[in-house]
Protein chains: 4
Amino acid sequence: MKTEATAGGRRLAGRPRSAASRSAILQATHALLDTTTVRDLTIEAIAQKAGVGKATIYRWWPSKTAIVIEVLVEMMNSNTPLPKGETCLAVVRQHLSLIVKQYRGRLGRIVAEILAEAQFDAELLTEFHRRFFADRRAAVRGVIEAGVRDGEFSRALDVDAVIDTLYGAINFRLIARHMPRDPRFERSLGEIAATTLRVC
Amino acid sequence: MKTEATAGGRRLAGRPRSAASRSAILQATHALLDTTTVRDLTIEAIAQKAGVGKATIYRWWPSKTAIVIEVLVEMMNSNTPLPKGETCLAVVRQHLSLIVKQYRGRLGRIVAEILAEAQFDAELLTEFHRRFFADRRAAVRGVIEAGVRDGEFSRALDVDAVIDTLYGAINFRLIARHMPRDPRFERSLGEIAATTLRVC
Amino acid sequence: MKTEATAGGRRLAGRPRSAASRSAILQATHALLDTTTVRDLTIEAIAQKAGVGKATIYRWWPSKTAIVIEVLVEMMNSNTPLPKGETCLAVVRQHLSLIVKQYRGRLGRIVAEILAEAQFDAELLTEFHRRFFADRRAAVRGVIEAGVRDGEFSRALDVDAVIDTLYGAINFRLIARHMPRDPRFERSLGEIAATTLRVC
Amino acid sequence: MKTEATAGGRRLAGRPRSAASRSAILQATHALLDTTTVRDLTIEAIAQKAGVGKATIYRWWPSKTAIVIEVLVEMMNSNTPLPKGETCLAVVRQHLSLIVKQYRGRLGRIVAEILAEAQFDAELLTEFHRRFFADRRAAVRGVIEAGVRDGEFSRALDVDAVIDTLYGAINFRLIARHMPRDPRFERSLGEIAATTLRVC
DNA sequence: AGTTAATCGAGACGGTACGTCTAGTCTTATT
DNA sequence: AATAAGACTAGACGTACCGTCTCGATTAACT
């Protein structure tokens, strides 16, 4: 038997992965999510709808939720550039509003459901954080740290705690559904952000 | 309080519900939760361990998660009296710390898992809110409103938003698991609470 | 309330058996048999329809089929007097025709179904034989033996074998359903009876 | 004979049916029938004993009794060639004796139980007739018709009625169990056959 | 051009839990 | 006692998916 990967570059024998199957699977999943929750989604239904063998799915994804994450990421594709604003506070406030709005529809439901499924699969949770939350959190963090450097925000800030406070409120209402995520909530969040970031 | 039979009207015909079975089911569920997640928990395993027919479970609970909620509520029974404190702020800070600590062990995991399961069952979510969150939230709300009346806290407060901000941070870290719920987090939350409540 | 059975007999303590319940059970069973097979009949459905507790049924009958046997016997009540005829052969032939006709409707179906259920319950089979077949078989036997004594029938006859031959054919078609139990069958059976009884 | 794949057309897509599973199921059923009645037999027990998923059974058989029929047919495989004899009557008599003997053991019990189960499933009854009775009946019919052509038997015969008379007697005693299927019965049946076939 | 090897759709496989159903038993209060 | 009501344990039902496994058929890259 020869080596699988010869000098320098990748050297795959055999039939390459079918791009058509991959996108058929993602599209089928997307379509099914209109009428089904992530939990009620089944690999069999995806395979059926995509006209694909189950094994093909299992070859490339570890679980149905992993597919959903991929669908979600493709849905969001460059959807969330950090908004512009005069001050760092303005940027943060607008971003908070944006997220509240974004989470109002199907997307919010799917995020909540992925988080739910990921409670029972640590790797999935890590993966979701890496592919969905990480960049946005880093961006927000960057803005806040800039605000601190500029003297706009308090020097004593525990940045992570503040972020979890503001975005956690959104996620908590998303998940616990005990109160609406309405314009008043957006405004109040903005006020709280102002106070916390400047005074804390 | 009167006896169950007399209060409220007619005594029902037929054999009454077995208290022994009820508590066997709750105990079995409690025990199984040591080694299983809520998702991996099965009604069959509970029935088996409790020495109970499956039908008996289905007669009294709509789903396994409903049982888990009942177990959780019995676990917490008068576990969380609102702490004493000199000022309203002190009470809130101590309560936040208490919750963070409480959520660190098995209890936190179960709360997260119930929330996860409840993402796919609206009634369950309502029920969980009613039996688990509602009282504690009302208590916290009472303290904050007292603080407002006394002039200790800001008059402009959106109390619900503030509560979701503080407790949402805890729940967000519980669910997303991206950062530890450690003493530093407790301290930071306390600071943020102080700022938000007094200045906002 | 006075005692129900005083003078002349046993005086049982406690509440006596309810005649109303007994007949409600039999009537309910009778009614259900219009739309259900004996197999699909359930004790629960009988109890429900009769407005009777399940335990009451179990107290007085060992199985649902036992109830069906009782219903059947009451249905047949003095239904099958041996027909009159000039000769013994004529009596037998008419009786065969009568049975073929009787078995054509619901009654035949129920007999077949009782026999089916009784394949798995030896006591039931014995009971069914005793209450349903025994008298009629004895009567037929009597006629045939009279024919033998009179010289109308062959002296060499194995009476039981002949009976099983003639009535067995009916029961076989009733159960295996491979051929109709029609007038031609009646006629042929009569011919075979004549030959067998006289020549054998 | 050709291979299965080629004969009759296109090879089907997908994994082919497992011959090992099929025979494991039949063997398990065979074994269980030693200690259980057809009624008490359960699909779960068969699946368990065969080391097979329940779905595999349901995929290929409509009911447990259908499996039992298949087991029975495989048990009988070329078990019952029509016996040789000098005359047609001799053939019929020997065949009757053979069937009586064959039905004495486990096989008789199973035939009775299948007929019992099939009282509640018309398709099953048809299937059982086709796979178990049909060929043998046709063979007997052939012999009798030959006898008629040769002048050995009566020209007036209703062949089906005669067959049901002779074999019905056997089946009736098998099912009603009111009399033994012993050598005397064999002899009497033979006598009756002789009379009926020649004189009728 | 032929060979090689991983891919593909299809669908059968062993397994497991589901929620339903009925059996037969057992508590109640009532008659 | 016997009754109607109905809760109880037990366990099979037939279904649905799981994740794995054969199949024959494709499809490139490497001889």
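Sequence lines set the chain letters: A, B, ... in the order given, protein chains first and strands last, and positions in each chain run from 1.
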Worksheet entry | Passing option when D/T29 is tested against D/I43, D/V68, D/I57, D/T36 for side-chain contact (heavy atoms from CB on, under 4.5 Å) | D/V68

Response to the item:
The correct set of residues in residues 42-64 of chain C placing a heavy atom under 4.0 Å from DNA chain E is C/T42, C/I43, C/E44, C/K54, C/A55, C/Y58

Worksheet item: Roughly, in whole Å, what's the span from CG in B/D121 to C1' in E/dG19?
Response: 15 Å

Worksheet item: Of all heavy-atom pairs between D/A24 and D/A50, which one has the smallest distance, and what is that distance?
Response: O-CB, 3.5 Å

Between protein and nucleotides 26-28 of chain F, what N or O pairs are separated by less than 3.5 Å?
| from | atom 1 | to | atom 2 | distance (Å) |
| --- | --- | --- | --- | --- |
| F/dT26 | O2 | A/R15 | NH1 | 2.9 |

Worksheet item: Between atom CZ in B/R17 and atom C1' in F/dT9, what is the gap in whole Å?
Response: 16 Å

Worksheet item: How many Å lie between CG on B/L41 and C1' on E/dT16, as a whole number?
Response: 15 Å

Discussion item. For the OG1 atom of B/T37 and the CD1 atom of B/I110, what is their distance to the nearest 0.5 Å?
Written reply: 10.5 Å

Discussion item. I need the minimum non-hydrogen distance between A/L33 and A/R106, along with the two atoms involved.
Written reply: C-NH1, 3.7 Å

Discussion item. Any side-chain to backbone donor/acceptor pair from A/Q119 onto B/I175? Under 3.5 Å, distance only.
Written reply: yes

Worksheet item: If you look only at pairs with a residue in residues 55-67 of chain D, which of them pass as a side-chain hydrogen bond (donor to acceptor under 3.5 Å, both in side chains), with sequence neighbours excluded?
Response: D/W61-D/E70

Worksheet item: Roughly how many Å is it from CG in D/D40 to C1' in F/dG11, rounded to a whole number?
Response: 13 Å

Response to the item:
Across all chains, not counting sequence neighbours, the side-chain contact (heavy atoms from CB on, under 4.5 Å) partners of C/R130 are C/E127

Worksheet item: Nearest heavy-atom pair of A/K49 and A/A31: which atoms, and what distance?
Response: CE-CB, 4.1 Å

Discussion item. Tell me which residues in residues 19-37 of chain A lie within less than 4.0 Å of DNA chain E, going by non-hydrogen atoms.
Written reply: A/S21

Practice prompt. Check B/E113 against B/V38 and note the closest heavy-atom contact, atom names and distance.
Written response: OE1-N, 2.8 Å

Item to complete: Could you pull out all residues at least two apart from D/Q27 that satisfy side-chain hydrogen bond (donor to acceptor under 3.5 Å, both in side chains)?
Response: none

